[in-house]
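I have placed the structure first, in the form of structure tokens, so that the comments after it can refer back to it.
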Number of protein chains: 2
Amino acid sequence: MARAGGAGERLTLAAAELADEIGFDRLTVSAVARRLGVKDPSLYAHIENARELKARVALLALEELADRAAAALAGRAGRDALVAFADAYRGYAKQHPGRYAASRYELDPQTAAASAGPRHSEMTRAILRGYDLPEPDQTDAVRFLGGAFHGFVSLELSGSFRHTPREADASWAWVLDTLDFALRKHPARTA
Amino acid sequence: MARAGGAGERLTLAAAELADEIGFDRLTVSAVARRLGVKDPSLYAHIENARELKARVALLALEELADRAAAALAGRAGRDALVAFADAYRGYAKQHPGRYAASRYELDPQTAAASAGPRHSEMTRAILRGYDLPEPDQTDAVRFLGGAFHGFVSLELSGSFRHTPREADASWAWVLDTLDFALRKHPARTA
DNA sequence: ATGATTTGCCTAATTATATTAGGACGGATT
DNA sequence: AATCCGTCCTAATATAATTAGGCAAATCAT
């Protein structure tokens, strides 16, 4: 449905920008129409419904995020790869909070499978190659890393860290250091 | 505003149950009114607006979660405490997905400060007593654990793990084991 | 060129939700 | 009995989602 370069793309872009400005949860068809200077119903020539609008932003975010992560990973391995990947992730979330939130929007299975979502776990697996983990530990580690990155970024974005003086950057470095250590030294369990 | 045992409580309960059933993001004043068998405007005698309705559910969730976590922590220390706490957290999320989502709802600073939110970080700090971490590592570790727990649960709930056969329970156990190891063996950096 | 098609919009209208204003009603209080 | 208070209601407005049906400029095919 989304033809590259077409009006559908402009629509998605406008929605993504809007999401970054007002928050993904407040993204509405009306608001996007307003921003584009057209009437609400006009958008239905390009999207099925509000859900698709959100899904489009989600897909865009997943791709952009995957692209950045891939670039960060290029030529790196081990700890370097881990840090670069994680930083790309966190950097994107801070720069595009609305899009980042969108990337967690629940897509229907088919759409999700065709999205850049799988690339994310593949890249995480690629990072783990530098840590020599046997299956199923590797799968557990993929989930661990994905959860740790997302959880930290999510808490930081929601302001959970503002109550304590400690710099989020410093904690982030500590976390990455700890993750690297854990993956490097933790004995495989293969349970 | 919320008087214990009053109608306000029933309202909050109804909203929480509804959130668990249809998802926190779909919680509306209308839906709650419908469930209570009253007209929409009637609810405004009890709440300020839709935002307060959500905030009420968030506060309830934070309290219930803190209570469970506290119970899980009672009499435990070290690894046992870590696992019990984490399981309480994950168990609540699976049992009450709507409430759990509500617990991440952004409250205004004052409300957040008066909520059970602080208890959560205090309890996490309590767990870390068993790991002998100096500040500011302890603060970093609190953020690490909070993020890791939330991130994993969040990904699991959103179905991110369904694509891979590996049991979520097994990965969870691996994660907790790894966290315990990292906190126990990781040299303090105090950076 | 030119009629057919496509594309992108629009107006009108419906439904659901959020919210305000103002009033009715029963029980509790003085 | 006069007054409050808590709870609910009807009426009304604004915003958002969405459908139906129509208009015009751009594009294509012949």
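Order of the sequence lines fixes the chain letters, A, B, ..., with proteins taken first and strands second; residue numbering starts at 1 for each chain. What you see is a predicted model, and the numbers here were worked out from it, not measured in a lab.
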What is the distance from [atom1] of [X] to [atom2] of [N], rounded to the nearest Å?
X       : N      : atom1 : atom2 : result
B/Tyr44 : D/dG6  : OH    : C1'   : 19 Å
A/Leu43 : C/dC9  : CG    : C1'   : 10 Å
A/Asn49 : C/dT15 : CG    : P     : 19 Å
B/Glu9  : D/dT7  : CD    : P     : 12 Å
B/Leu53 : C/dA18 : CG    : P     : 9 Å

Determine the interplanar angle of the [X] and [Y] rings, folded into 0 to 90°, and report it as parallel if under 30°, tilted if 30 to 60°, perpendicular if over 60°.
X        : Y        : result
B/Trp174 : A/Phe144 : perpendicular
B/Phe24  : B/Tyr105 : perpendicular
A/Phe149 : A/Tyr89  : tilted

Exercise. Should A/His46 be listed as having a side-chain N or O under 4.0 Å from OP1 or OP2 of C/dC9?
Worked result: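 Checking A/His46 against C/dC9: at least one side-chain N or O falls below 4.0 Å of OP1 or OP2.
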Problem set entry | Distance test, side-chain N/O of A/Ser42 to OP1/OP2 of C/dC10, below 4.0 Å |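 A/Ser42 to C/dC10 OP1/OP2: side-chain N or O found under 4.0 Å.
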Problem set entry | Main-chain N/O of B/Ala72 paired with B/Arg76 side-chain donor or acceptor, under 3.5 Å |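 Looks like yes, one N/O pair under 3.5 Å.
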Exercise. Is any NZ, NE, NH1 or NH2 atom of the basic residue among B/Lys54 and B/Glu106 found under 4.0 Å from an Asp or Glu carboxylate oxygen of the other?
Worked result: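 Between B/Glu106 and B/Lys54 there is no salt bridge, as every charged N stays at least 4.0 Å from the carboxylate O atoms.
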For this session: Could you check whether B/Ala50 gets within reach of a base, just the sugar-phosphate, or nothing at all, counting any heavy atom under 4.0 Å?
Result: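 Counting heavy atoms under 4.0 Å across all strands, the contact made by B/Ala50 is with sugar-phosphate only.
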Exercise. Do A/Ser171 and B/Arg143 have side-chain N/O donor and acceptor atoms under 3.5 Å apart?
Worked result: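 Per modelled atom types, A/Ser171 and B/Arg143 side chains form a pair under 3.5 Å.
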Exercise. For DNA chain C, what residues of residues 19-41 of chain A have any heavy atom nearer than 4.0 Å?
Worked result: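 Residues of residues 19-41 of chain A under 4.0 Å from DNA chain C: A/Val38, A/Lys39, A/Pro41.
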